[in-house]
Structure formats: structure tokens, C-alpha cells
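This structure is a prediction, so every number in the text was calculated from the model and none was measured. Note on naming: letters A, B, ... go to the chains in the order of the sequence lines (proteins, then strands), and numbering restarts at 1 for each one.
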4 protein chains.
Amino acid sequence: MALPRSGPVRSEHARRAILQATATLLAERGYDHLTIEGIAAAAGVGKQTIYRWWSSKGDIIAECLLEGMVVPGRGELPDTGDIRADLTRWLRDLADMLARDEGELLLRSLIAAAAEHVEVGRRLRDVLAGPESLSGRLERATGTVPNLPRGAPVEEIAEALIGALLLRALSRSPLQPADIDRLLRAVLG
Amino acid sequence: MALPRSGPVRSEHARRAILQATATLLAERGYDHLTIEGIAAAAGVGKQTIYRWWSSKGDIIAECLLEGMVVPGRGELPDTGDIRADLTRWLRDLADMLARDEGELLLRSLIAAAAEHVEVGRRLRDVLAGPESLSGRLERATGTVPNLPRGAPVEEIAEALIGALLLRALSRSPLQPADIDRLLRAVLG
Amino acid sequence: MALPRSGPVRSEHARRAILQATATLLAERGYDHLTIEGIAAAAGVGKQTIYRWWSSKGDIIAECLLEGMVVPGRGELPDTGDIRADLTRWLRDLADMLARDEGELLLRSLIAAAAEHVEVGRRLRDVLAGPESLSGRLERATGTVPNLPRGAPVEEIAEALIGALLLRALSRSPLQPADIDRLLRAVLG
Amino acid sequence: MALPRSGPVRSEHARRAILQATATLLAERGYDHLTIEGIAAAAGVGKQTIYRWWSSKGDIIAECLLEGMVVPGRGELPDTGDIRADLTRWLRDLADMLARDEGELLLRSLIAAAAEHVEVGRRLRDVLAGPESLSGRLERATGTVPNLPRGAPVEEIAEALIGALLLRALSRSPLQPADIDRLLRAVLG
DNA sequence: TACTAATCGAGACGGTACGTCATGTCTTGGA
DNA sequence: TCCAAGACATGACGTACCGTCTCGATTAGTA
């Protein structure tokens, strides 16, 4: 497998190396220690190659989010028909991930990036609470349980759940299983 | 018997100038453009005077939060007895504030600071959702409405509301009056 | 005429601007008021460009000496065949230069730099008393006058003359014409 | 032994501690690493006590020179009647001292101080080459040897000898015994 | 005897400069 | 035309000292 060096067309190899390095460094060092020079060095790439295609750190992170390179839990929301049980399991898995390794650091890094960069904010919301994820699952569940009738404000329910998660990450109070139960009681009655 | 402490004493004037400059610059320029040198210059103070008493930008911001110098909405949560009406009004006022001036920039700056600095995170949660603010108001309202019985998970309800607000700030989707109604329907039934 | 900007090779334009600024500031402000930041500002250059190529103020001054940018009297030692007359004229010119303008400040600055930096010390001695300057002229004169026979310790004679000059600069007692005559009598009999 | 603490009269204890600390630090760390704060700390003294009585580092060093606290060789110039032998021995002792320990660092520190501070310059010259030291000894020897007749320029001879010594210290070329012989040949014929 | 006034150790203050790190722009030479 | 490499001007970092300024304690001389 040849390693492409340069030429008149954009190097996909360089692009992926940059995104991969960004995702790795973001999880390992945190957003405030993430530097363009560090990304370039880790990716084995010249700085100019980064600036040619992206305009800022946030821009790269936004693309990482699009490619699903930073949030591992994407799309794993189960669908057994029992919406409360599914949400319980999903939130517990998320909480476990945050409690382990660099999970919380990564989430806080994404929040910091979102706070500075528009597109990261939008995509972070979409990935975590958007129609292809949480709010879509909720929409499909409307009408199956008393507390989630047709026409329920699924977008806001999703935002409330994810927002509570973020707030817990910011205040460094990990969600315990009992907290998750109470949280679901709060938004699903 | 008091032990005599020799040497000059800390300048309260310098301390307040630094906190004030930090609060002002944070709202005006945002967290990522907030620099220690900028604070020192705006406060008319030497850098060393800052480093002598605080260890980082986050440390100063945390003290600003303690002193109530950055969050304008503190304590204004009304209490008319009608919890839903009170929350509606309070959230509308907050949303108005965010929509105006540098409100959203300030909130995103606080989120960025919280993402990097432990103490900012804790205090931001306390100021916005804590027992002396939102969750306390909710606790007092338990039992007065069907959807908020005694023993309701008020902490989680508060976190869900505030979390949704933060997520909207991050995704730059200002809360409209209709959104607020739906959000309250989501958490209060 | 194009002004060279930057690139992957060292900028000769920046190098010369730095040396020139150093020589100028050294003569104008003195060694103790010479700062890297001042040099950078006067040369229109970033500090890092200085630190990339030199390790200290002394290092830059040593290079200035190599390029002949600080000691104006270099190589002007006359050679009429009459060594005593030549030395008298040369020393008088030097003394005049020191008495004028910033001459003495410059010499004291070079001494201060030499006292701290090895290479400046060596090069200062070479420029003032070395074989390509004073001691060389003396060597060529051996055998032409009774008091300077072949095998005379020309190196030490040169060092004694220049050393006396430095000591006078340090004690702020400018060499008068009569002093020069006595000094030459001391070392040439 | 009572340690005097404070009162309305100047503390001789503090004065001597400051001079001693200055002399010690000058020999140990060199002039450029000598700081007022370092002196105060080493002397166990407040900064203001230094600034109350001296105006600068050079001022303290000048007083150290007056008190004979830095130049150990003072007054040891022997007088056996044989001026050349006496000078040879004296210069060899000086050269030995410079070669040992921090001797050269101390001399270069004094030169650096002299280059910046008028009074240090004057006193350094007096201590090393002045009438109470070298030039006085030379004056008394006039008429005893053919090469040092009455009326010989003893001041200039002394300056030439000491100047050569300083220049060697600056160029880090220690005087060897053979160098000393040649130097004496240069100035005494 | 008490008071006054100068001095002491200590150290906070507004600053300047340090040497380092990262920014975003530019240029080189190779593919 | 793109790439890796890296020099450039800029600007912020956190540290070390500068010289000035209190602070409370100490103590010699005056009241």
C-alpha cells in the first residue's frame, strides 16, 4: 500500500491523518491543549495543508463530528419497543463511557469547542439529540406509552435529557443509575 | 490570642478591579479572547498581582461567579405561587437576555470556562440550577400542582431545564416562547 | 528593489537588521539597557527570530564584532615606518573617538559584554590587540628601532597598551596626549 | 551575643550582612546574576533597608571595594628591594588566584560592575593600580634599577600591567609564568 | 513614663523584560 | 497543483526583579 506524498489533487491520506490526529489529541489532551502545530506534527503533515482546507480548530472538529470520529456512542440507541427501558440502558452506557478513560474530558472538550465554534455546536446537538438519534427514537415511540402521546414535544425532551447530561459533565457530577431514573421520571413522568 | 501577621496587606482595590475587568471582558470579547494581560491592562494592575492570588483565568471567573458579577439573572426567579407561570416568565426573561446584546456570548463564554475549569463548572450549575435558585423554587412548589408531587426529582428537573438552555446556546438556536412552552410541557407534563 | 520576506531559508535581511540594531542600541543606550525586545523592535523582527539563531545578547554582539559593525577604528593603524609616531597618532585618534559622542559608552558596553560572554571577550581582544591589528603592526616593526628588537614580546606589549586603554575607560580618566606619550614611554622605553 | 533587631539608629549588623552577602554572591554567581532581592534574602534583610542606604548594586559593590571585602590580594605586594622579582611573585600569585576557584569570575564581575558604575571603576583602578598599591611600589623603586629611572611614568606602567591582566581575564587566556616574564620585559625593558 | 520618630523584616504593588509557545502567512523544493 | 518542512512577525504565556510603598514591631532620645 503506497503512501501518497503529493501531487495536484487533494491527498485523502493527509485528510484522514489530520482528522484522526485531531480526534485522538482532543480525547487525550483536551480542547485547550489542542494546537494546530500539534495536529500537524501528529498527523505528519505540514501546517499549510491544514490551513488550506480548514479555517480553524473548530472547523476540523466539526468535520470529525460529521465523520463520527469522536462520539463513539452514535446510533447505538436500542429500540426494543420499551422506550423507558431503552433510554435507561442508553443513558447508563453513556454514563459508563463518561466515567471511564477520557470520556468526560472528551465530552467537555467538545462542549468547549462548541462554545467557540458555531458549526461544532450545531453538529454536537444533532449527533446527540437530533432526529437521527435521540429525538427520532422518541418520535417513533410516541403513542406507545401514556406519558409520550402523539404530538409530544420530542425535540425538547431530547434536549432536556442531553442538556442535563452536559450540565453534569460541566459540574463534574457523574450521573449515577438512580440519577438516571429520576431524570427519566422528570421528563417522561 | 491573635497571631500577628506582618507585612502589607492585600489590596482590595486591585482585587475588585481585576474581577470587574474580567467580568467585563468576558462579556465583551468572549472566553477565548480573554487574556491575563488584557485583564491586567484593563484593571490597571501588574500581571504578577493576578498570578499572586489566582492560578488561572478559570480561577478568576469562578470568583466572579461567587461574587455574582457575571450572571445578571441571579435570584430574580419570581414566586407568585403559580410555578408554571413563574417558570415561563423566568425562562422568557432569560431567553430575552440571551437574545440581546452579548448575552449569548457571555453564556457560551461561561460554558467554555466551565468546560476547562472544575470550580467554574460547579458554581455555574449552583448559580443557575442550584438549591438557592431554580431547584429550591421547585422544591417549595412540590405538592401545589398535580405534575409536581412531593418527592418529585426537583434537582433533575432543574438540570433538565437549564441543560436544555445551555444546549440551545451551544447550537445557536435561541429559545422561542413556543419552545419554552414545549420545554415546560416536557418536564412538567 | 524587492524586499525579501520569509521562507524555509534563513532571512539575510532579518539577520542584518538585527546586527545593525544591536550595534546602534549598544552605542546609544549601553549594554545594561540593551534588551532583546528592544533589538527586536528596532529591527522590526520577532523575538523568536532572534532566539532561533542566537542564544544571548552576548552572542549577537560577538557576531557584530566579527562583522566589524561596532569598532570603527579597525584596521586604521597607520604604517609610515616610524612605529612610535604611528602608535601616537593611532592612540590619539582612539582617545579622541572615546572622548567624543558615545565612544566611551560603547567601549564600556563592549567591556561589560566581554565580562559576561566568552566569545565577545576573545573577539574584542583580537580586534583591538590581535595579530591582524596592533600586535601584527608591532611584529612588523621589530628590528627597526632599538627598543623593539627582534623577538620582542609584541603580544604582551599590545595587551599592555590596550589594557591601559580599557582601564582608563573603566576609571573614566580619558587618556590625554601627555598620558599617551608616557604610556608609550612605559612600553617602548 | 545579642542580635540587634531594629530601632531609630542604623543597624551596623544589617550593613555588614548586606556587604558580606554582596561580596559572596558576586564571587559565586557573577555580576549579571546578582540581584537586590538575592542580596536581601541572603543577608536576611528587607529590600527597603538596602534602598535606604544605597542607590544601586554598583553602589554596594563600590563600598565592598572600599572595605576590602572582594579583592583579597590587596596590599600583599612584597618589597624585597628587587622590584622585578617582587612584581614577578605578585603577578604569579594573582594569576594563581584567578586560575583557582571563582577568581576569574570575580574579576570579570568587578569589571562588569565597573563598566556600568563610575565609582566602582575608580575604586577598582585605585585598589589594583593605585598609589597605595602598585604605582606606589613602583614609585619607591625608581632609581634602583636602570630601566626604572627617577621620573619614570609609574602610573602608566602600573596601568599597563593591570590593564594587561584585565584584558587576559576578558579574553579568558590566563597569564602563564612565561607570559608574566614577557609582560614585565615589555614594560620594564 | 510615655511619646515620637527613625529603622527593621516582610512583602504587595505597578511595571519591564525574560525566554517559550502557538498563531496564521509565506516560500522553498520535490512529486 | 499539492505536499512536508519550516522561517517569519505577532502576541500571550508565566516568571524574575525592579524600585516604591505600606504594615506592625522595635527601640533611642525627648517630653
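Among the heavy atoms of the strands lying under 4.0 Å from Gly44(B) are primed sugar atoms or P, OP1, OP2 only; no base atom is included. Contact annotation for Trp54(A): no contact, since no heavy-atom pair falls under 4.0 Å across all strands. Within 4.0 Å (heavy atoms only), Arg10(A) reaches sugar-phosphate atoms of the nucleic acid but no base atom.
Side-chain to base pairing of Lys47(D) with dG19(F): one donor and one acceptor N or O lie within less than 3.5 Å of each other. Judged by atom type and distance alone, Gln48(B) does not reach the base of dC13(E) through any side-chain donor-acceptor pair under 3.5 Å.
Taking a cutoff of 4.0 Å between a charged side-chain nitrogen and a carboxylate oxygen, Glu119(B) and Arg172(A) do not qualify as a salt bridge. With salt bridges taken as basic N to acidic carboxylate O contacts below 4.0 Å, none links Glu102(D) and Arg29(D).
For dC2(F), the OP1/OP2 oxygens have no side-chain nitrogen or oxygen of Arg52(A) closer than 4.0 Å. Distances shown here put a side-chain N or O of Trp53(C) below 4.0 Å from the OP1 or OP2 atom of dC8(F).
The 5' end of DNA chain F is approached more closely, in terms of each residue's nearest nucleotide, by Leu34(B) than by the other of Lys57(D) and Leu34(B). With the nearest nucleotide of DNA chain E identified for both Val45(B) and Ser55(C), Val45(B) has the one nearer the 5' end.
Nearest to the side-chain atoms of Glu37(B) among the listed nucleotides dC8(F), dG14(F), dC8(E) stands dG14(F). Residue Ile36(D) has its side chain nearest to dC18(F) when only dC2(F), dC18(F), dG14(E) are considered. Considering only side-chain atoms of Tyr51(C), the nucleotide from dT15(F), dG19(E), dG14(E) that sits closest is dG19(E). When each of dC3(F), dC18(E), dC8(E) is scored by its nearest atom to the side-chain atoms of Thr49(A), the top-ranked nucleotide is dC3(F). For Pro8(A), whose side chain is taken as the heavy atoms from C-beta onward, the closest listed nucleotide among dC3(F), dT1(F), dT23(E) is dT1(F). Minimum atom distance to the side chain of Thr35(A) is reached by dA22(E), of the listed dG19(F), dC3(F), dA22(E).
Nucleotide dG19(F) holds its P atom 11 Å from the CG atom of Asp32(C), rounded to whole Å. Atom NE2 in His13(C) sits roughly 18 Å away from atom P in dA7(F) (whole-Å rounding). Atom CG in Asp59(D) sits roughly 15 Å away from atom C1' in dG19(F) (whole-Å rounding). What separates NE2 of His33(C) from C1' of dC18(E) is a distance of 16 Å, to the nearest Å. The interatomic distance linking Glu12(B) (CD) with dC13(E) (C1') rounds to 15 Å, in whole Å. The interatomic distance linking Ile60(D) (CD1) with dG19(F) (P) rounds to 10 Å, in whole Å. When the P atom of dG9(E) is taken as reference, atom CZ of Arg15(D) falls 14 Å away, rounded to whole Å. One interatomic measurement links the two molecules: CD1 of Ile50(A) to C1' of dT23(E), which rounds to 12 Å at whole-angstrom precision.
Separation of atoms SG (Cys64(A)) and CD1 (Ile60(A)) is listed at 7.5 Å; rounding is to 0.5 Å. In this structure, the separation between CZ on Arg122(C) and NE2 on His117(C) is 9.5 Å, given to the nearest 0.5 Å. Leu26(B) CG to Leu34(B) CG: the interatomic distance, rounded to the nearest 0.5 Å, is 6.0 Å.
Tyr31(D) and Glu116(C) share no side-chain donor-acceptor pair at under 3.5 Å.
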